[in-house]
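Let me begin by presenting the structure, written as structure tokens, before commenting on it.
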Amino acid sequence: MKRKWLLIVLGIIVVLVGGFFLSGNLLVLRQVNEMLKSQVRNQLGDGWTFDYDKSKLNLQRGELMLYDIELTRGDEDKEYWTLDVESIKLYGFSSTEFLSSGSLRLDSLAIDRPIFEGYALAPKDTGLKPAPPSTEDGGIGGLKLQVKKIRTSNGSMIFNPEGPTEFSAGLDFLMTDLEINGKATEAVDMSKGQLILPDVYFQFPDSIYVVHIDSVEVLWGDTLFAGYGLHMESNLGKVAYGHHFGWKKARWDIQVPDWFMTRPEAVDSGLIHLSEFYLNEPYAEIFKDGRLPFPDDVKKYPQELIEAIPIDFRLDKAVVKNGHMVIEELHGERTIAARIELNKMNASLKGLQNVNRNAPALVMEGSILLQGRAFTEVRAEYLFGSDQPYTLSGTMQPTDLQIMKSFLEHSGNLSVKSGQVNSLAFDLRGNKDTTYGDVDFRYSNLEVALVDKETGADKGGLVNFFTDAFG
């Protein structure tokens, strides 16, 4: 009998102790939720909302779990974007430290299934937001967070505003030694980080072009970002593209297997100074319908476009390695476009800048194999000035002129029967009004024939006066 009563008493004690700890755990969790939500909201300021539906706290393991989190940016009339997260798990969480000091010091933070969905671009703040409330008078300030590692899994991004513009991508990132100091400005510090966006898709606002990218990686370290498998293509076919605009406009198709940019020298409100940008084995096709008229507007020179950049800008170097470019233009009643290929393109763009008008706006130099056979080197320098001055120089090594046979037949009324380029060198200077300089073109055994300009059919006979006219 005594044993039975002893067991009953022990059971009551266990229930009371368990109930005490459970109620204490719930009380602590309620306090944690109130403080955490207030800190985040104070840190974000006006125009933001933050909430989550439920949470769990394991005091013994030091784990806090948040579920169904929602962060939104908007105002009274419009919502700009939302971020929905299935769960956030905080490891190394000390409720005692958090409730007493307001600081979160974590071993790691895991974010599962974040989904970012944008509807419109938020207006740019015209001034700094007010600092979070001070904690000196017992109020709750901004978020103070130190975490050794933050990672996400199974995330996605969607930006789909009104109109044709569309963007989507996967989302995964890893950050280490992240710190948020609870202040309104310069709030975040981080030692290393990696943002990965797989399966990127972007459609331009005019719906003419779309971009597909297998993966983009943004790195905090020596490399700013890297990308793999880029393909930019038009939604319109080659002929339909030009007729859509009504004039001879170039249609681009670009593929880049991989590219990367090294760490920038400076990025702030007054100056963007990028260091080095590399494109590896890019492939580009340019098509024009030569039957259409030229545009009415006058194309701008490169230095004009650079000068129009609204902030101070500098790019030390951009490098193209082993590129390949195809340029096509359709003429008359031809069914086959005139075609020029630039193979093994190795080029660099140096010192692109709008900071110093006494220095060149940019310098370009590189080499190609024209039609896959003729080694050619070119150098161009664009200078600032009211008349847009520039220099252009280059050389071509000896080659058989038969490499231009197909191009000339499909673009004009000539066909090369034979001929050899012994050497070609040019050194030109010019501006928006004129070009002058020296061209040294040496050839031998040049024979050409006439073809019908519209159809490309051979008219027969060699053109002697052409070679006579050029000596």
Side-chain angles (χ1 to χ4, degrees), residues 80-84 113-121 152-174 193-220 223-245 249-262 264 274 276-289 315 318-328 337 339 341-347 349:
Y80 301 110
W81 56 261
T82 63
L83 175 63
D84 294 305
R113 297 187 182 281
I115 300 175
F116 174 92
E117 194 163 357
Y119 316 104
L121 294 176
T152 66
S153 58
N154 304 312
S156 63
M157 300 175 63
I158 300 170
F159 182 68
N160 193 12
E162 295 181 1
T165 301
E166 185 178 346
F167 173 84
S168 63
L171 173 64
D172 289 295
F173 64 79
L174 173 66
Q194 181 181 36
L195 171 65
I196 301 176
L197 304 178
D199 303 320
V200 177
Y201 172 85
F202 176 69
Q203 179 168 273
F204 285 82
D206 59 5
S207 75
I208 300 297
Y209 283 100
V210 295
V211 175
H212 305 266
I213 307 176
D214 292 342
S215 178
V216 173
E217 297 183 11
V218 182
L219 310 173
W220 283 264
T223 302
L224 175 63
F225 77 86
Y228 306 93
L230 179 147
H231 185 194
M232 187 185 81
E233 60 182 339
S234 175
N235 286 322
L236 298 175
K238 290 183 175 180
V239 175
Y241 182 88
H243 285 267
H244 173 80
F245 293 97
K249 183 176 177 64
R251 176 189 181 273
W252 288 76
D253 191 300
I254 299 174
Q255 300 179 49
V256 185
D258 62 270
W259 76 96
F260 68 92
M261 178 182 288
T262 58
L274 305 180
E276 298 179 359
F277 179 64
Y278 294 87
L279 296 171
N280 294 320
E281 299 184 346
Y283 175 84
E285 287 186 3
I286 303 172
F287 178 86
K288 288 185 178 181
D289 192 335
L315 171 62
V319 177
V320 173
K321 293 184 176 180
N322 199 24
H324 185 184
M325 181 178 289
V326 176
I327 305 170
E328 293 182 320
R339 180 184 178 98
E341 291 199 34
L342 310 178
N343 305 89
K344 295 190 179 300
M345 180 186 299
N346 292 286
L349 183 155

### Task
Evaluate the side chain to side chain contact (heavy atoms under 4.5 Å, CB included) criterion for residues S234 and I208: first the C-alpha distance (whole Å), next the side-chain angles of each, then the deciding distance (0.1 Å), finally the verdict.
CA-CA 6 Å; S234 175; I208 300 297; 3.9 Å; yes

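- Ionic pairing of E285 and R251 is not present here: no N-O contact between side-chain nitrogen and carboxylate oxygen is shorter than 4.0 angstrom.
- Interatomic distance, CG of L342 versus NE2 of H324, reported as 7.5 Å (0.5 Å rounding).
- A 4.5 Å side-chain heavy-atom check between V256 and I254 finds at least one atom pair inside the cut-off.
- What you find for N346 and N322 is that their closest heavy atoms are OD1-N, 2.9 Å.
- The aromatic rings of Y278 and F260 sit parallel, their planes meeting at an angle under 30°, below the 60° perpendicular limit.
- From F159, atom CZ reaches atom CH2 of W81 across 12.0 Å, with rounding to the nearest 0.5 Å.
- Heavy atoms only, all atoms of each residue included: F287 and A337 are closest at CE1-CB, 4.2 Å.
- Between the NZ atom of K288 and the NZ atom of K238 there is a distance of 14.5 Å, given to the nearest 0.5 Å.
- Under a 3.5 Å cut-off, the side chain of Y209 and the backbone N or O of W252 do form a donor-acceptor pair.
- Under a 3.5 Å cut-off, the side chain of S168 and the backbone N or O of I158 do not form any donor-acceptor pair.
- Side-chain N or O atoms of D214 include none that pairs as donor or acceptor with a backbone N or O of P198 at under 3.5 Å.
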### L279/F277 under side chain to side chain contact (heavy atoms under 4.5 Å, CB included): CA gap, chis, key distance, verdict
CA-CA 7 Å; L279 296 171; F277 179 64; 3.8 Å; yes

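- Exactly one residue among V216, L219, V218 makes a side-chain contact (heavy atoms from CB on, under 4.5 Å) with L195. That residue is V218.
- Taking CZ from R113 and OG from S156, the interatomic distance works out to 9.5 Å, rounded to the nearest 0.5 Å.
- Side-chain polar atoms of D253 and H231 form a donor-acceptor pair below 3.5 angstrom.
- Exactly one residue among V211, N160, T165, N235 makes a side-chain contact (heavy atoms from CB on, under 4.5 Å) with Q203. That residue is N235.
- Note: D172 CG to I196 CD1 = 6.5 Å, rounded to the nearest 0.5 Å.
- W259 places none of its side-chain heavy atoms less than 4.5 Å from the side chain of N280.
- Using a 4.5 Å heavy-atom cutoff, the side chains of M261 and E276 are not in contact.
- Scanning both residues, V200 and A169, for their nearest heavy atoms gives CG2-CB, 3.8 Å.
- Closest approach of L171 to L197, counting heavy atoms only: CD1-CD2, 3.8 Å.
- In terms of heavy-atom proximity, P264 sits nearest to L274 at CB-CD2, 3.9 Å.
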### Query
Run the side chain to side chain contact (heavy atoms under 4.5 Å, CB included) check on F173 and Q194 step by step: do they pass?
CA-CA 5 Å; F173 64 79; Q194 181 181 36; over 6 Å; no

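- For the residue pair E281 and Y283, no side-chain donor N or O sits within less than 3.5 Å of a side-chain acceptor on the partner.
- Formation of a donor-acceptor pair under 3.5 Å by the D84 side chain with backbone atoms of I115 is not found in this model.
- Under the 4.5 Å side-chain criterion, counting only non-hydrogen atoms from C-beta, V210 is not in contact with M232.
- Taken to the nearest 0.5 Å, the CG atom of D199 stands 13.5 Å off from the CE atom of M157.
- Within the 4.5 Å cutoff, no side-chain heavy atoms of Q255 are placed close to those of E233.
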### Task
Give the intermediate values and the outcome of side chain to side chain contact (heavy atoms under 4.5 Å, CB included) for residues Y119 and T82.
CA-CA 9 Å; Y119 316 104; T82 63; 3.5 Å; yes

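- What you find for P114 and L83 is that their closest heavy atoms are CB-CD1, 4.2 Å.
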